[in-house]
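Quick notes on the structure that follows.
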Amino acid sequence: MNFKAIRGTNDHIPEDMAAWNFVESVARNTAAMFGYKEISTPIFEQTALFKRAVGEGTDVVQKEMYNFNDLGGNELTLRPEGTASVCRAFIEHGMHNKPYPVRLFYIAPMFRHERPQSGRLRQHHQFGVEIFGDKSAETDLEIILLGLTYLDNLGIKDLKLKVNSIGTSKTRIEFKKSFENYMNPLVSRLSEKDQKKYQLNPIRILDSKESATQDLLADSPKPIDFLDEDSKDHWGKFVILLEESIKMFKGVEFEIDKGLVRGLDYYSKTVFEIQPKNSNKAQSSILSGGRYDNLVENIGGPDTPAAGFGSGIERVILNMNEKEYEDLDFTQLLIIPASEEGLILSIKIAQQLRNKKISTSICSSDRSFKAQMRYANQINAKNVIVLGNKEVESNKISIKNLSSKIEKTIDLTLENILSTLDSNG
RNA sequence: GUGGGCGUAGUGUAGUUGGUUAACACGUCAGGUUGUGGCCCUGAAGAUCGAGGGUUCGAAUCCCUCCGCUCACCCCA
C-alpha cells in the first residue's frame, strides 16, 4: 500500500516552512499597515454561491470545481477562490452596518481541479484582500499599492503591472456586439485553437498568446473603448493617481493593457495583474484582481461597491530568489541524560527551562553517549548539558557551547543555567 | 481534456550492441574501549530498477499496456 499526496497538492515539510512563514507574516504585516483586518471562512460553501459569484460560464465553475454532496444531500464545493466566500460572510454578518469602507484580508487554501504544472496546483494558497463600500478610484489604487508593498517587502523586484478597465456588464454588451461584428469576417483566419475559444467565449481571445491572433486583434474594438460616463471618470482618475504613485515603487513598470480580461465574471471597471518583468514561466501572474461593484448585491446583499485582489503564495515563493528570511532551525539546549537519576533530573530541568522560553530537548537515553553528542551536533543545538550521577551528586553541571567548544561549570540552579545560556547566546 | 520530457535506496546520480551478488556520493545507523560532537577511519542497513504483461536460456536494458511525476496548451493565483 503506497499512499501519496493527492496530485496537485503539496506537503510543506519543515524545510519549507521558513519561507512559508515568512510570506505569511509579511502578508499579515502589510495588510495591517494598510488597516485591513483578517477574516477566515470555511473551506467549503454551497455550490450555488460560487456558481452565482464566479459565473456559470467560467472555466472555474464549468470544469474546475471540487463539488460533492454531503450526507444530508447538500451540494457543496471546496472554494476555488476567496472573494465569493468573503462577500458571503460580509453579508451574513451584517458588515454593511460597519463604518465604510470595510477592509478585510485572508490567507487560505483554494482548490481547483486543473492539470498541475509549474505555478499551478489543485490546492494552492492565496493571500487576498477585499475592500467594501467605497467606489472611489483611490480604492482601486489602494489595493494595488498594498499588493506592490507586499511584494516589495518580500524582496520581489522588477514587476510589471498591467491595468485595464472592462466597464460594466451593460457596456460590455455593446462592446461584445461591436467586437463580434469586427471578428466574424476574420474568424476563419484564426488558428483552430483560437477558433474554438472564440466559439465558447469571444472575449477571451483578446488575451490569446498567439501572435497571429494578436495581429488580427490590433485594430479590434476593446472593452475600454465602450465605457459609460461613470466608468470613464473612474478610469481617468485612477490612471492619474496610479501614474503619480507608481513612481514610489522602483523597478515596477505599468502598462495599460486593453486586452487584459479576467476569467471570473464578477469584475467590473478596473482590473489588474502583476507579474515578474522577466518571467519565462507560463503561469506568471502572481497577484491580480480588480473592482467588483455588483457582486455583493448579486449574491443577495445590499448594493455595495467593492474591490480586491488574490495572490498565489506558491507562485510568490517561486519568485523569491533572494533569501530574505532567517531559518530559525535550532534547539537552544539539548540535555543528555547519562543515568537513570540524571534522566529524572533532565525532565524536571527541561520543563523549567521551557517555561522560561528556552527551547530544550532531551536526548534519547537509549542511544550511546557518543550518539547523543553527535545528535546534538546534527540538530544544530547551541548548548549541551550532560546530567548523570556525577551532576546529581555534586549539584554542579557543565554547559557546553557547541560552536565555541567552551564548557562552563556552574552550581545547579535555574538562574545559573539561564544566565550562562544567555551569555552563550 | 490535449501534447512533450522523465521514472534506478531517503536525496542526487552511474549503469543500453540484454549476461551472474545493480554501482557511487551525500544522508541514516553502529563501532574506532570506559561521560564530550563536527574531521578522519571501519562497518551496517536501505532498491521487488514506477506497475503489469510479453520476447529471451537470461531483461534496469528490447516490445506492449497502465500508473506516477514534470513542463506546456487551456485557464488562472
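Proteins come first, then strands; the chains are lettered A, B, ... in the order of their sequence lines, and each starts at number 1.
Counting non-hydrogen atoms under 4.0 angstrom, A:L264 reaches the backbone sugars and phosphates but no base. Within the nucleic acid shown, A:L287 comes within 4.0 Å of sugar-phosphate atoms alone, with no base atom in reach, counting heavy atoms only. Across all strands, A:R122 comes closer than 4.0 Å to no nucleic acid atom at all (heavy-atom distances). As judged by a 4.0 angstrom heavy-atom cut-off over every strand, A:A371 is placed among residues touching the sugar-phosphate backbone only. As judged by a 4.0 angstrom heavy-atom cut-off over every strand, A:E273 is placed among residues making no nucleic acid contact. A:E407 comes within contact range of at least one nucleobase, with a heavy-atom separation under 4.0 Å. Using a 4.0 Å heavy-atom criterion, one finds that A:Q123 contacts no nucleic acid atom at all. Within 4.0 Å (heavy atoms only), A:L402 reaches at least one base atom of the nucleic acid. Contact annotation for A:D194: no contact, since no heavy-atom pair falls under 4.0 Å across all strands. Within the nucleic acid shown, A:S368 comes within 4.0 Å of sugar-phosphate atoms alone, with no base atom in reach, counting heavy atoms only. As judged by a 4.0 angstrom heavy-atom cut-off over every strand, A:G388 is placed among the base-contacting residues. Residue contacts for A:K370: at a heavy-atom cut-off of 4.0 Å it reaches a base atom on one of the strands shown. Heavy atoms of A:R115 sit under 4.0 angstrom from at least one base atom. As judged by a 4.0 angstrom heavy-atom cut-off over every strand, A:G119 is placed among the base-contacting residues.
Across all strands shown, B:rU56 forms no Watson-Crick or G-U wobble pair with both key distances under 3.5 Å. Pairing for B:rA72 goes to B:rU2, judged as Watson-Crick or G-U wobble with the two contacts each under 3.5 Å. Shown here, B:rG37 forms no base pair; nothing in the strands shown gives a Watson-Crick or G-U wobble contact with both key distances under 3.5 Å. Across all strands shown, B:rC66 forms a Watson-Crick or G-U wobble pair with B:rG50, both key distances being under 3.5 Å. Partner assigned to B:rG18 is none, using Watson-Crick or G-U wobble distances below 3.5 angstrom.
Rounded to whole Å, the distance from CZ on A:R7 to C1' on B:rG68 is 8 Å. In this structure, the CD atom of A:E391 is 12 Å from the P atom of B:rU36, given to the nearest Å. A:I107 places its CD1 atom 17 Å from the P atom of B:rA77, with the value rounded to the nearest Å. To the nearest angstrom, C1' of B:rA77 lies 10 Å from CD1 of A:I313. Atoms CD (A:Q117) and P (B:rC6) sit 19 Å apart, rounded to a whole Å. A:D366 has its CG atom 14 Å from the C1' atom of B:rA30, to the nearest Å. Per the geometry, NZ belonging to A:K382 stands 17 Å off C1' belonging to B:rG38, to the nearest Å. Remark: C1' of B:rA77 and CG of A:D59 are 15 Å apart, rounded to the nearest angstrom.
The aromatic rings of A:F179 and A:Y198 sit tilted, their planes meeting at an angle between 30° and 60°. Classified by interplanar angle (parallel below 30°, tilted 30° to 60°, perpendicular above 60°), the ring pair A:H12/A:H125 is tilted.
Of the side-chain N and O atoms in A:S288, one or more sit less than 4.0 angstrom from OP1 or OP2 of B:rA77. Distances shown here put every side-chain N or O of A:R204 at or beyond 4.0 Å from the OP1 or OP2 atom of B:rC74. A:R367 has a side-chain polar atom (N or O) that falls below the 4.0 Å cut-off from OP1 or OP2 of B:rC29. Under 4.0 angstrom from either OP1 or OP2 of B:rU28 there lies at least one side-chain N or O belonging to A:Q378.
Separating the P atom of B:rU28 from that of B:rC64 is a span of 43 Å, rounded to the nearest Å. With both ends at atom C1', the span from B:rU55 to B:rG18 equals 11 Å, rounded to whole Å.
When all heavy atoms of A:A53 and A:Y266 are compared, the closest pair comes out as O-CD2, 3.2 Å.
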**Asked** Which is it for A:F226 and A:F175 under the ring-ring contact (aromatic ring centres under 6.0 Å, His included) test, yes or no, and what are the steps along the way?
**Response** CA-CA 6 Å; A:F226 290 78; A:F175 155 71; 5.8 Å; yes

#### Entry: CA sep, side-chain torsions, deciding dist, call: A:R28, A:E24, salt bridge (charged side-chain N to carboxylate O under 4.0 Å, His left out)
CA-CA 6 Å; A:R28 288 200 166 88; A:E24 283 198 15; 3.2 Å; yes

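Residues A:Y66 and A:Q123 bring no donor and acceptor atom of their side chains to less than 3.5 Å of each other.
Side-chain atoms of A:K63 and base atoms of B:rG1 include no donor and acceptor less than 3.5 Å apart. For A:K4 against B:rG50, no side-chain N or O and base N or O form a donor-acceptor pair under 3.5 Å.
Between A:R88 and A:Q46 there is no side-chain heavy-atom pair separated by less than 4.5 Å.
Atoms NZ and OG1, from A:K135 and A:T139 in turn, are 9.5 Å apart once rounded to the nearest 0.5 Å.
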